[in-house]
Novice: 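Mind having a look at this structure? Questions to follow.
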There are 2 protein chains.
Amino acid sequence: MTGQVRTVDGRVAGRRGQATRQKLLDCLSEMLSSSPYRDVKVIDVARKAGTSPATFYQYFPDVEGAVLEIADQMAAEGAGLTELLQGRSWVGKSAWQTSQELVDGFLEFWRKHDAILRVVDLGAAEGDKRFYKLRMKILNSVNNSLADAVAELQAKGKVDKDVNPAAVAGALVAMLAAVASHQKGFQSWGVKQAELKPNLALLVHLGVTGKKPTK
Amino acid sequence: MTGQVRTVDGRVAGRRGQATRQKLLDCLSEMLSSSPYRDVKVIDVARKAGTSPATFYQYFPDVEGAVLEIADQMAAEGAGLTELLQGRSWVGKSAWQTSQELVDGFLEFWRKHDAILRVVDLGAAEGDKRFYKLRMKILNSVNNSLADAVAELQAKGKVDKDVNPAAVAGALVAMLAAVASHQKGFQSWGVKQAELKPNLALLVHLGVTGKKPTK
DNA sequence: CACTTGTCCTGTCATGCCGTCAGCTTACCG
DNA sequence: CGGTAAGCTGACGGCATGACAGGACAAGTG
């Protein structure tokens with residue numbers, strides 16, 4: 001699946017090369033967590049990795065290219081989010097638990113990768129295809145599962161016909177992502193994180209089933 | 001309220017000065033719509049405005065500073081979003097209409113200012129206080145009105161006690177903002193914009209009232 | 001052990017943007 | 001008309017970018 005790792009000028013990277021390449025990615029990742037995207041410079045990343053800017057350019061066309069790489073690695077991990085919904089029930093009490101666990105897992109994932117996800121979000125919003133395809137890849141697992149759940153309830157007549165499962169699922173996922181990105185905003189707004197989660201779970205439950213949860 | 005407009009080195013700006021200042025802001029705004037935030041350079045903005053980089057630095061400390069200025073002007077306009085909710089009813093049929101109009105108005109506002117709002121969102125997510133205070137200022141009108149609506153229904157016993165109005169309102173607003181930013185994502189996902197709106201309105205209605213709308 | 005081969009890294013360079021300052025031009029006012 | 005403050009810019013040192021050629025290094029070969 002993953003073709004050989006190659007340098008910009010076409011050589012195949014060996015053990016040592018892949019190591020420095022990865023180190024550069026790690027340092028870039030760290031850099032993104034501590035300073036604004038706009039101010040992340042190749043030279044800083046290189047210095048942090050104990051190497052030179054020229055080395056960076058051997059492995060990546062630019063900062064954006066490297067970010068895409070990191071995001072791609074993360075997307076693989078993001079596929080694991082499916083487990084939050086695989087085989088879960090959306091009926092009765094267990095639906096409430098499913099909602100809670102989804103919110104929990106999703107927020108945790110986003111918090112863990114917030115720095116890189118910010119950049120992906122920006123790129124996607126700016127209309128860069130590479131970024132929004134990546135964003136879809138990351139969110140697909142959750143999105144599809146949610147849409148399936150809605151569609152299934154709809155087939156059983158428990159959800160109105162005129163609901164569009166994909167639209168509702170997408171909106172809910174977008175909500176979770178946005179809230180995760182701006183948790184600090186909520187805090188300075190008088191909403192504690194502990195209070196936030198159940199309310200998000202409530203909205204998810206309402207969105208999927210159309211009913212209030214039975215707790 | 002608004003103190004005199006001043007240059008970076010303390011002079012007060014006259015008519016001509018304010019004009020070039022505004023021209024720089026307009027050009028920056030345009031620039032942000034057409035190229036990624038990371039690639040917007042002072043020199044390009046200056047060139048587009050038919051002036052020199054030095055002039056830019058006379059009025060703004062850096063690109064970020066100028067963006068804050070633009071966003072501030074927009075925040076004033078954002079206060080007008082309150083009208084989407086002022087004096088509206090959240091009972092019966094009119095609740096459904098209120099939801100629809102809120103979604104419509106909000107998406108329109110976001111679409112109109114998407115370039116600058118992307119940057120504000122990024123700044124806020126990165127934890128920059130100036131940006132997330134600004135973001136709150138923009139969203140406050142809608143957010144407060146929504147929270148009030150929920151609190152009111154709660155007081156009447158129509159919404160569960162354990163719902164946190166501020167949390168629900170914040171999450172719904174975040175959802176609308178996120179969906180507006182990533183509409184293209186939805187399209188390439190098989191959801192048309194026309195289908196999207198009613199589903200968003202549905203989620204808003206569910207979130208505020210806890211019930212399905214009566215149409 | 002020399003020799004070869006291909007990977008890996010860096011010194012160096014031209015280019016271009018950043019951010020500042022001194023100094024010039026323009027407008028206003030008595 | 002002269003004084004004063006606003007308004008603008010050329011020019012400059014400093015730094016990041018991105019490309020290249022060449023040197024260091026590891027591994028295999030005879």
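A note on names: the letters A, B, ... follow the listed sequences, proteins ahead of strands, and every chain is numbered from 1. Predicted model, so just to flag it, every value in this text is computed and none were measured.
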Novice: Counting any heavy atom closer than 4.0 Å, what does B/Arg11 reach on the DNA or RNA strands: base, sugar-phosphate only, or nothing?
Specialist: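 Result for B/Arg11 = base.
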Novice: Can a donor-acceptor pair be found, under 3.5 Å and without considering hydrogens, that links the side chain of B/Asn199 to the backbone of B/Glu195?
Specialist: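 Present.
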Novice: How is B/Arg15 classified with respect to the nucleic acid when contacts are heavy atoms under 4.0 Å: base, sugar-phosphate, or nothing?
Specialist: sugar-phosphate
Novice: Between C/dT10, D/dG18, D/dT9, which one does the side chain of A/Tyr57 approach most closely?
Specialist: D/dG18
Novice: Distance check needed: D/dG7 C1' versus B/Arg21 CZ, whole Å only.
Specialist: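 In whole Å, D/dG7 C1' and B/Arg21 CZ are 14 Å from each other.
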Novice: Do B/Leu24 and B/Arg21 come close enough that some side-chain heavy atom pair is under 4.5 Å?
Specialist: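 In short, these two side chains do not touch, never coming nearer than 4.5 Å.
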Novice: Would you mind reporting whether A/His182 and B/Asp121 have side-chain heavy atoms less than 4.5 Å apart?
Specialist: yes
Novice: Give, for atom CG of B/Asn143 and atom OG1 of B/Thr82, the distance between the pair rounded to the nearest 0.5 Å.
Specialist: 11.0 Å
Novice: Which atom names give the shortest non-hydrogen contact between A/Met136 and B/Gly185, and what distance separates them?
Specialist: SD-O, 4.3 Å
Novice: Using C1' atoms of five pairs at each end, report the bend of the helix from C/dC1-D/dG30 to C/dG30-D/dC1 rounded to 10 degrees.
Specialist: 10°
Novice: Rounded to whole Å, how long is the line connecting atom CD of B/Gln58 with atom P of C/dC24?
Specialist: 17 Å
Novice: Answer with base, sugar-phosphate or nothing: what part of the nucleic acid does B/Thr7 contact at a heavy-atom distance below 4.0 Å?
Specialist: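 Answer is nothing: B/Thr7 stays at 4.0 Å or more from every strand.
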Novice: Between atom CZ in A/Arg16 and atom C1' in C/dT7, what is the gap in whole Å?
Specialist: 8 Å
Novice: Given C/dC9, D/dC8, D/dA6, which nucleotide is nearest the side-chain atoms of B/Val12?
Specialist: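 So the nucleotide nearest the side chain must be D/dA6.
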Novice: Using the six-membered ring wherever Trp is involved, compare the ring planes of A/Trp110 and A/Phe106 and label them parallel, tilted or perpendicular (cut-offs 30° and 60°).
Specialist: parallel
Novice: Measure from the side-chain heavy atoms of A/Tyr59 and tell me the nearest of D/dT9, D/dA6, C/dC9.
Specialist: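 The closest nucleotide is C/dC9.
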Novice: Nearest-Å distance, CG (B/Asp9) to P (D/dA5)?
Specialist: 13 Å
Novice: In residues 22-54 of chain B, which ones come under 4.0 Å of DNA chain D, going by heavy atoms?
Specialist: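 Of all residues in residues 22-54 of chain B, the ones placing a heavy atom under 4.0 Å from DNA chain D are B/Thr51, B/Ser52, B/Ala54.
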Novice: When the distance from CZ of B/Phe56 to P of C/dC18 is rounded to whole Å, what number comes out?
Specialist: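 Whole-Å distance recorded here is 9 Å.
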Novice: OP1 or OP2 of C/dC9 versus the side-chain N and O atoms of A/Thr20: is any pair under 4.0 Å?
Specialist: yes
Novice: Would a 4.5 Å heavy-atom cut-off, applied to side chains only, mark A/Ile138 and A/Leu117 as touching?
Specialist: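 Side-chain contact under 4.5 Å: yes.
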Novice: Taking the six-membered ring where the residue is Trp, are the ring centres of A/His113 and A/Phe109 under 6.0 Å apart?
Specialist: yes
Novice: Just N and O in the side chain of B/Thr55: are any of them under 4.0 Å from OP1 or OP2 of D/dT9?
Specialist: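 Yes, because at least one side-chain N or O of B/Thr55 sits under 4.0 Å from OP1 or OP2 of D/dT9.
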Novice: Can a donor-acceptor pair be found between the side chains of B/Gln183 and B/Gln193 at a distance below 3.5 Å?
Specialist: yes
